[in-house]
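Lettering follows sequence order; numbering is per chain, from 1.
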Protein chains: 2
Amino acid sequence: MMVNKVKFERDAVVRIASQLFWQKGFNTTSTRDLQDAINMRPGSIYAAFGSKEGLYCEALKDYALQMQNKLNTCLAAHSKVLDGLTMFVTQVLIEDQHHAPSNLCMLIKANSEFGDDQPTLKTLSQNLLGQFEEFLSIIFTKAQRQGELAEDLTALEYARFFQIQFTGLRSYLNRPNSNRLAAGLIAQMFLSLQLLK
Amino acid sequence: MMVNKVKFERDAVVRIASQLFWQKGFNTTSTRDLQDAINMRPGSIYAAFGSKEGLYCEALKDYALQMQNKLNTCLAAHSKVLDGLTMFVTQVLIEDQHHAPSNLCMLIKANSEFGDDQPTLKTLSQNLLGQFEEFLSIIFTKAQRQGELAEDLTALEYARFFQIQFTGLRSYLNRPNSNRLAAGLIAQMFLSLQLLK
DNA sequence: TTTTAACTTGAACAATCGCTCAAAATCAAA
DNA sequence: TTTGATTTTGAGCGATTGTTCAAGTTAAAA
């Protein structure tokens, strides 16, 4: 019970840190910002996470896990895979938009922030994106097995196309007055997906 | 002549700064990095550009201009608009990839780096992206007039789709061992464009 | 109640940040 | 050659960075 309490608090701290890192990025989030947000002093933070980078790694992994959970929830709510995916995209790009720390996917933001000078974080973001792609491949395999998509492309190719569309769309919706276009562009995205051959 | 000499040197300085900013982003590029790259001391830099932000603005505008010039060159090399666009995308995503400071578009990188705490730079990047969209709209209008694309969508809608694809693709090609997929994904992009309705 | 181990605190360090400015160097006009 | 205006230099300012660590606090064991 006590162990759970500690574990819970640690998760809560990671989640708050994740929100801040997601909003400001790794390099521009100062340890003072983090201290204020998670209400911990340097000594405690460094005892628990080792470094700013250590805390960020946990935050990024937590974000990736939350995304997978969200996608699983959406898929469980529909019998058709494509309906679940549509719900997922709609939820992320429209409903979550208002209270999300950033309009971009944290993984994509990470992958674009880090260069060869920060190989640890670059590799981590790439691995997490790779995991998500694997996850999507399984999903698209199921969609093909259920006859929702053609067999001309492999499931991995569909997964790639989905990510490209999703990322591009998310970036585009970062522009002013683009919210009103969101629903139409999402419809267009799934239309393109089904037209692929 | 002297005026041209000075102007030329200023442009050269901006171009070098642009490369560095493109690679590292605005916030993580220090004024010391810039000093070394453009071989100027703080006093001269601040006399010429006012601030780090001032130099960045010129660098970003220069990047946008270079992109438009590149696109114009590609379009001029082909009678069909879609062939020109294909050349442009191929050049940026495959040929330029090796010697480019970053795998991402500098405008997209800027638009994702800046939040509400840096409104000047956020607005600038949004304006430049907006200009590029207008430019693309004109291009797609011509493509439609030449019968290369359907009339079901407006030119602006084609321009939006192009940007979403281009951005998403560019982000995806940031992952390891994805270079071998580039050509195929570009072909898929233009296939989707022509299948749109 | 005393002991001990674990955790928290916050002052402070060295490094780096964007930027200033008096002094030196440069150059064109007289 | 002298003068006066312009540009360049680089030491250094105050603020902020990631991180450390001795001192203080807390809580469970004895």
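When the P atom of C:dG18 is taken as reference, atom OH of B:Y46 falls 7 Å away, rounded to whole Å. In this structure, A:F49 atom CZ and D:dG18 atom C1' are separated by 16 Å, rounded to whole Å. As a whole-Å value, the separation of A:D36 CG from D:dG18 P is 12 Å. Here C:dT20 presents its C1' atom at 16 Å from CE of B:M40, a figure rounded to the nearest Å. C:dC17 atom P lies 12 Å from atom CG of A:N27, rounded to whole Å. Rounded to a whole Å, the NZ atom of B:K52 is 12 Å from the C1' atom of C:dT16. The separation between B:D33 atom CG and C:dA15 atom P is 18 Å, rounded to whole Å. Atom pair B:Q35:CD and D:dG12:C1' shows a separation of 13 Å (rounding to whole Å applied).
Remark: side-chain polar atoms of B:Q165 are not paired, donor with acceptor, to backbone N or O of B:F190 under 3.5 angstrom. Side chain of A:E113 to backbone of A:N27: a donor-acceptor contact under 3.5 angstrom is found. No donor-acceptor pair closer than 3.5 Å links the side chain of B:K61 to the backbone N or O of B:L124.
Within 6.0 Å of the NZ atom in A:K122, the count of heavy atoms belonging to other residues, nucleotides or ligands exceeds 12.
In this structure, A:L128 and A:Q68 have side chains that are not in contact, with every pair of non-hydrogen atoms separated by 4.5 Å or more. Counting only heavy atoms from C-beta outward, the side chains of A:R10 and A:E58 approach each other to under 4.5 Å. Inter-residue side-chain proximity for B:L34 and B:F49 is flagged as unmet; no heavy-atom pair is nearer than 4.5 Å.
Closest-nucleotide positions on DNA chain D for A:T29 and B:A47 were compared, and the one nearer the 5' end corresponds to B:A47.
In terms of phosphate contacts, A:S30 brings a side-chain nitrogen or oxygen within less than 4.0 Å of OP1 or OP2 of D:dT17.
Rounded to 10°, the angle separating the first-five-pair axis and the last-five-pair axis of the helix from C:dT1-D:dA30 to C:dA30-D:dT1 equals 10°.
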Which atoms of nucleotides 10-13 of chain C (N or O only) lie under 3.5 Å from a protein N or O atom, and what are those distances?
{"residue": "C:dG10", "atom": "O6", "partner": "A:G43", "partner atom": "N", "Å": "3.1"}
{"residue": "C:dA12", "atom": "N6", "partner": "A:R32", "partner atom": "NH2", "Å": "3.4"}

Q) Can you list the steps and then say if A:L93 with A:F166 is a side chain to side chain contact (heavy atoms under 4.5 Å, CB included)? A) CA-CA 9 Å; A:L93 292 186; A:F166 192 42; 3.9 Å; yes
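Screening B:Y63, B:F21, B:W22 for a ring-ring contact (aromatic ring centres under 6.0 Å, His included) with B:Y56, the sole residue that qualifies is B:F21.
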